[in-house]
Amino acid sequence: MSVSKTGSGEIATPVESSKSAMTWGPIFGGAAAAIGVTLILLLLGSGVGLTMVSPWSGQSSSLGTVGVTAAIWLVVVQWLSSGLGGYITGRLRTKWAAVHTDEVFFRDTAHGFISWALATIFVAGFLASSLTSLAGAGAQAVGSAATAAGSAASSTASVADLPTAYFTDALLRPEQARAGATSDDAAATAEVSRILLNGAAAGQIPDDDKAYLATIVSARTGLSEADARTRVDTVLKRIDDAKVAAQKAADEARKAASTTALLGALSLLIGAFIAAAAAAFGGSQRDEEEDLIVTSRI
């Protein structure tokens, strides 16, 4: 504590308040208001979003439209709830006496920011809990599907054994493939499946495998070798198109996730600023109302 002397010989000591500058009541009140508004607006947005989706073909909005609408609505929810929570925080605090206006402004903005942080943490925890529940339900469904798939695949070769099975087929591939394909349908189907799976894993199917596939298709369907080779090329082209489409969908999902993360971070930053500014505005309105105490002179 610093002590200074005046010209008249008097000693001036700084006045330090015994109360903390942090007022938790308005902070919790503003956070509660922001949380309530956020949940209400999220439910409203969910209801509106469900009207945009329909199981009937041609009656739903596009995936891009639904995604953009949801992102915009989340931004609006963040800004509205932050503004309301910050304003309530600023208006509910008591007036600080003998405090510089700059210090009052700083305290109001700090109160608004802390109120926004509490509300954001609660809402994030609520959403994380909901997503965890959904993930648990999805994990159970995946586990059931995996059990069913495991029992169904007990009579076939496993994925780990696929390369060995493929090369074994190549070693034991008969010279007269047409006779083998017509005599044992199950074996021919399994061998074709292994060839296609190996081609998908390797990225391409060798020419000798294509010729062998054409021979099997010709034997099974009665087509000529040329027509069978054309059918094989057509099917392989469809497989490549499906692979490209899957890669394109994965890339679009990656871009959408990246955009959502960046937009969410920007929205949170702006929400924090709005909460702090609204708290300062509410506090300034609170300080404009001055209460005067009338005392009688003795």
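Excluded from the calculations below are hydrogen atoms, water molecules and symmetry mates; all remaining heavy atoms, backbone and side chain alike, are included.
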Requested in this report: Output all residues satisfying salt bridge (Lys or Arg N to Asp or Glu O under 4.0 Å) with K248, sequence neighbours left out; order by chain, then residue number.
Outcome: none

Requested in this report: Would you mind reporting whether R93 and V104 have side-chain heavy atoms less than 4.5 Å apart?
Outcome: yes

Requested in this report: Please name all residues satisfying side chain to side chain contact (heavy atoms under 4.5 Å, CB included) with D102, sequence neighbours left out, ordered by chain then number.
Outcome: H100

Query raised in the report: Are any non-hydrogen side-chain atoms of T89 and W116 less than 4.5 angstrom apart?
Result: no

Exercise answer: donor-acceptor pairs, residues 267-281 side-chain atoms, under 3.5 Å, sequence neighbours excluded:
none

Query - E103: partners by salt bridge (Lys or Arg N to Asp or Glu O under 4.0 Å), with sequence neighbours left out - result: R107

Requested in this report: Please test K237 against D241 for salt bridge (Lys or Arg N to Asp or Glu O under 4.0 Å), starting from the C-alpha separation and ending with a verdict.
Outcome: CA-CA 6 Å; K237 179 64 168 54; D241 292 341; 3.0 Å; yes

In a table with atom names and distances, give each donor-acceptor pair under 3.5 Å that connects a side chain of residues 23-41 to protein atoms at least two apart or in another chain.
unit_1 : atom_1 : unit_2 : atom_2 : d
T38    : OG1    : A34    : O      : 2.7
T38    : OG1    : S81    : OG     : 3.2

Query - In one Ile/Leu/Val/Met/Phe/Trp/Tyr side-chain cluster, 4.5 Å: L84, W73 - result: yes

Query raised in the report: Is there a donor-acceptor contact under 3.5 Å from the side chain of T234 to the main chain of T230?
Result: yes

Report task. List in chain and number order the residues that pass salt bridge (Lys or Arg N to Asp or Glu O under 4.0 Å) with D240, two or more places apart in sequence or in another chain; answer none if no residue qualifies. Result -> none

**Report entry** V235 reachable from I205 in the ILVMFWY side-chain graph, under 4.5 Å edges
**Finding:** yes

Report summary line: OG1 of T120 to CZ of F113, rounded to nearest 0.5 Å, is 8.5 Å

**Report entry** Inter-residue atom distance L42.CG - Q78.CD, 0.5 Å rounding
**Finding:** 10.0 Å

Query raised in the report: Nearest heavy-atom pair of Q285 and R91: which atoms, and what distance?
Result: OE1-NH1, 3.1 Å

**Report entry** Residues K255 and D251 bridged, charged N to O under 4.0 Å
**Finding:** yes

Query raised in the report: Between R229 and D233, does at least one N-O distance fall below 4.0 Å, as a salt bridge requires?
Result: yes

Query raised in the report: Would V75 and L44 show up in the same hydrophobic cluster when neighbours are defined by side-chain heavy atoms closer than 4.5 Å?
Result: no

Report summary line: Of all heavy-atom pairs linking K210 and V232, the shortest is O-CG1, 4.3 Å

